[in-house]
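Structure first, then comments.
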Amino acid sequence: MQYDVITLFGGIIKDYCSYSIMKRGMEKGIITVNTINPRDFTHDKHKKVDDTPYGGSSGMVLMAPPVFEAYESITKLENSEFIMLTPQGEPYNQKISIELSKKSQLILLCGRYEGFDERIRLGLKPREISLGDYILTGGELGALCIMDSVSRHLDGFLNKEESSKNDSFSDIMNGRLEHPQYTKPREYRGMKVPDVLLDGNHAEIEKFRKAQSLLRTKIRRPDLI
């Protein structure tokens, strides 16, 4: 998977990807991460990428020309997807992350300020994705969420293939939330690990986990049932 992130703050992307499994994924050659700064495609001495909105309003709007040129500078692979991070987009979920993991390249456009010049949407026709019904200062956090969640589906990215199979929302969980997990010690501050998890009866353990998963989903996310 190749990630090309159009952002004014490439350091945010690069810093996150220098840790943990994202770093290991890059070292293994499973993912590559590039950042493209629209400021590099401006044509004035101040490298201006935003301006006041026509019609009057507060804030500044990202200009179309630097974004167009930044996008056009990227070499497109055959199976690529161009994504705009925006609160106006379709809500992101596990199903979309699996869908995107089948691509060979994701181009992620991160906004700032009061949003995008509408001609970016009209001219470049990105797929618009939202991380939820709230506002962030910029699209970088959203881009990283997509990169992290998509990468987990790539062959060899996780140390154990089973690591993601029992995640909340996964196919094996039928869209339910994950069951409770425990580790050592067996007892801590009066809280004990359920006995069923200690007796080695795998059929009973599986039955327990499924029941707990269903109960947790009913309580916390009844909309998923």
Side-chain angles (χ1 to χ4, degrees), residues 1-10 12-14 16-17 22 31-42 48-55 57-154 168-169 175 221 223-224:
M1 172 68 74
Q2 177 173 314
Y3 297 109
D4 293 288
V5 187
I6 303 174
T7 171
L8 297 171
F9 299 95
I12 296 175
I13 305 297
K14 293 177 179 177
Y16 182 84
C17 293
M22 293 296 284
I31 63 172
T32 58
V33 180
N34 306 307
T35 59
I36 302 91
N37 193 332
R39 289 195 192 280
D40 295 335
F41 299 90
T42 55
K48 192 173 180 64
V49 294
D50 62 331
D51 212 327
T52 54
Y54 282 119
S57 184
S58 60
M60 306 289 277
V61 175
L62 280 174
M63 302 163 67
V67 174
F68 267 74
E69 293 186 35
Y71 172 76
E72 290 165 351
S73 74
I74 300 170
T75 299
K76 315 301 187 298
L77 302 182
E78 183 175 345
N79 184 26
S80 69
E81 180 102 55
F82 179 36
I83 295 170
M84 172 190 283
L85 280 303
T86 168
Q88 301 177 29
E90 60 184 304
Y92 189 65
N93 56 32
Q94 185 79 344
K95 181 179 178 181
I96 295 176
S97 75
I98 295 172
E99 174 192 342
L100 294 179
S101 71
K102 309 303 181 184
K103 303 290 183 178
S104 55
Q105 177 186 35
L106 296 183
I107 302 171
L108 300 153
L109 174 59
C110 302
R112 282 275 160 173
Y113 315 120
E114 285 299 307
F116 301 96
D117 185 306
E118 186 66 14
R119 289 167 291 188
I120 296 171
R121 287 187 170 92
L122 297 175
L124 297 180
K125 296 179 174 58
R127 178 176 183 176
E128 300 184 37
I129 288 180
S130 168
L131 266 289
D133 295 339
Y134 52 88
I135 305 301
L136 296 170
T137 302
E140 287 77 17
L141 291 177
L144 287 170
C145 286
I146 290 176
M147 293 163 64
D148 191 303
S149 61
V150 167
S151 296
R152 292 174 62 84
H153 303 300
L154 303 177
S168 296
F169 315 115
R221 290 291 303 276
D223 57 296
L224 296 175

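Quantities reported herein were computed from a predicted structural model and do not represent experimental measurements.
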Taking atom [atom1] as the centre, does [X] end up with more than 12 heavy-atom neighbours from other residues, nucleotides or ligands that are less than 6.0 angstrom away?
| X | atom1 | value |
| --- | --- | --- |
| Lys102 | NZ | no |
| Asn79 | CG | yes |
| Glu78 | CD | no |

In a table with atom names and distances, give each donor-acceptor pair under 3.5 Å that connects a side chain of residues 31-38 to protein atoms at least two apart or in another chain.
residue: Asn34; atom: ND2; partner: Asp4; partner atom: OD1; Å: 2.9
residue: Asn37; atom: OD1; partner: Arg39; partner atom: N; Å: 2.9

Nearest 0.5 angstrom please: [X] [atom1] to [Y] [atom2], how far?
| X | Y | atom1 | atom2 | value |
| --- | --- | --- | --- | --- |
| Met84 | Lys125 | CE | NZ | 12.0 Å |
| His153 | Ile98 | NE2 | CD1 | 4.5 Å |
| Lys95 | Asn93 | NZ | CG | 7.5 Å |
| Glu90 | Arg127 | CD | CZ | 4.0 Å |
| Ile6 | Ile83 | CD1 | CD1 | 11.5 Å |
| Glu128 | Gln88 | CD | CD | 6.5 Å |

Does [X] use its side chain to pair, donor to acceptor, with the backbone of [Y] at less than 3.5 Å?
| X | Y | value |
| --- | --- | --- |
| Gln105 | Thr75 | yes |
| Thr42 | Val49 | no |
| Asp51 | Met63 | no |

*With side-chain contact (heavy atoms from CB on, under 4.5 Å) as the test, would you mind laying out the steps for Leu136 and Leu85 before giving the verdict?*
CA-CA 10 Å; Leu136 296 170; Leu85 280 303; over 6 Å; no
Locate the shortest heavy-atom distance separating [X] from [Y]; write the atom from each residue and the value.
| X | Y | value |
| --- | --- | --- |
| Ser149 | Ser97 | OG-CB, 3.9 Å |
| Gly142 | Leu131 | CA-CD2, 3.6 Å |
| Leu106 | Ile146 | CD1-CG2, 4.2 Å |
| Tyr3 | Met147 | OH-O, 3.2 Å |
| Pro53 | Val61 | CB-CG2, 3.8 Å |
| Ser101 | Val150 | CA-CG1, 3.6 Å |

*Tell me, please, which residues at least two apart from Asp223 pass salt bridge (charged side-chain N to carboxylate O under 4.0 Å, His left out).*
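For Asp223, the residues satisfying salt bridge (charged side-chain N to carboxylate O under 4.0 Å, His left out) (neighbours in sequence not counted) are Arg221.
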*asked:* So, using salt bridge (charged side-chain N to carboxylate O under 4.0 Å, His left out) as the criterion, who are the partners of Arg119 when residues are at least two apart?
replied: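 Counting only residues at least two positions away or on another chain, Arg119 forms a salt bridge (charged side-chain N to carboxylate O under 4.0 Å, His left out) with Asp117.
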_Worked verdict on Met60 versus Lys48 for side-chain contact (heavy atoms from CB on, under 4.5 Å)_ = CA-CA 11 Å; Met60 306 289 277; Lys48 192 173 180 64; 4.1 Å; yes
Extract all donor-acceptor atom pairs below 3.5 Å that involve side chains of residues 107-114 and protein atoms in other chains or at least two apart in sequence.
residue: Arg112; atom: NE; partner: Glu140; partner atom: OE1; Å: 3.2
residue: Arg112; atom: NH2; partner: Glu140; partner atom: OE1; Å: 2.8

*Determine which pairs satisfy ring pair (Phe, Tyr, Trp, His ring centres under 6.0 Å) with at least one residue from residues 64-99, sequence neighbours left out, and list them in order.*
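For residues 64-99, and leaving out neighbouring residues, the ring pair (Phe, Tyr, Trp, His ring centres under 6.0 Å) pairs sorted by first residue read Tyr71-Phe82.
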*Pair Thr86-Arg121, side-chain contact (heavy atoms from CB on, under 4.5 Å): steps then yes or no*: CA-CA 11 Å; Thr86 168; Arg121 287 187 170 92; 3.2 Å; yes
_Glu81: side chain to side chain donor-acceptor pair (under 3.5 Å) partners, not counting sequence neighbours_ =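 In terms of side chain to side chain donor-acceptor pair (under 3.5 Å), with neighbours along the sequence ignored, Glu81 is linked to no residue.
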*Which is it for Ser151 and Met1 under the side-chain contact (heavy atoms from CB on, under 4.5 Å) test, yes or no, and what are the steps along the way?*
CA-CA 8 Å; Ser151 296; Met1 172 68 74; 5.6 Å; no
